[in-house]
Amino acid sequence: LKQLEQDLSGKFALAKVDAGVHTALMKQMNVDALPHFFVYRNGQKVWDKQGIVSLEELKQALQQ
């Protein structure tokens, strides 16, 4: 994630959620396994993936 922030600086906002603390949010978003990645554009979810994701896959999701 640090590399992604460097490569795409200023082109997206990253929000990290602590699943142990924000359990209600995890339930609301139907997250049952970690890690879980979501991409939102203009308030709409456009991509999500559970599990390990490569740097390239995340870049592609953000640049669609």
Side-chain angles (χ1 to χ4, degrees):
L1 293 177
K2 287 180 185 181
Q3 183 64 48
L4 189 64
E5 288 178 307
Q6 289 176 352
D7 292 352
L8 299 177
S9 178
K11 296 182 180 179
F12 75 100
L14 176 65
K16 299 176 187 176
V17 176
D18 185 332
V21 173
H22 300 99
T23 56
L25 178 61
M26 296 295 99
K27 191 175 284 189
Q28 179 183 358
M29 295 182 76
N30 296 317
V31 173
D32 56 2
L34 299 174
H36 202 119
F37 298 89
F38 296 92
V39 174
Y40 284 84
R41 195 167 285 112
N42 298 320
Q44 299 292 318
K45 182 169 58 171
V46 295
W47 182 87
D48 77 90
K49 182 149 185 192
Q50 175 182 310
I52 302 297
V53 178
S54 71
L55 176 61
E56 286 307 313
E57 190 173 2
L58 275 173
K59 280 184 182 180
Q60 287 177 357
L62 290 168
Q63 296 175 334
Q64 290 179 356

Check your understanding: Between Met29 and Leu25, is a side chain to side chain contact (heavy atoms under 4.5 Å, CB included) present by the stated rule, with each step listed?
Key -> CA-CA 6 Å; Met29 295 182 76; Leu25 178 61; 3.6 Å; yes
Exercise for review: Give me the other members of the hydrophobic cluster that Trp47 sits in, counting Ile, Leu, Val, Met, Phe, Trp and Tyr linked by side-chain heavy atoms under 4.5 Å, directly or via other members.
Suggested key: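 For the cluster that includes Trp47, the remaining residues are Leu1, Leu4, Leu8, Phe12, Leu14, Phe37, Val39, Val46, Val53, Leu55, Leu58, Leu62.
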**Study point:** Smallest separation among heavy atoms of Ala61 and Arg41, with atom names
**Key:**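 For Ala61 versus Arg41, the nearest heavy atoms are O-NH2, 3.3 Å.
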Review point. CG of Asp18 to CE of Met26: how many Å apart, nearest 0.5 Å?
Key: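 The distance works out to 8.5 Å.
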Point to revise | NZ-CD distance between Lys59 and Gln3, expressed to the nearest 0.5 angstrom | key: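 Here the rounded value is 6.5 Å.
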Point to revise | Over 12 foreign heavy atoms within 6.0 Å of CD, Gln44 | key: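 No, CD of Gln44 has 12 or fewer neighbouring heavy atoms, counting only those of other groups under 6.0 Å.
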Exercise for review: Would you check if Val31 and Gln50 make a side-chain contact, meaning some heavy-atom pair closer than 4.5 Å?
Suggested key: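 No; the side chains remain at least 4.5 Å from each other.
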Practice item. Assess whether side chain to side chain contact (heavy atoms under 4.5 Å, CB included) is satisfied between Phe38 and Lys49, documenting all intermediate values. Key: CA-CA 7 Å; Phe38 296 92; Lys49 182 149 185 192; over 6 Å; no
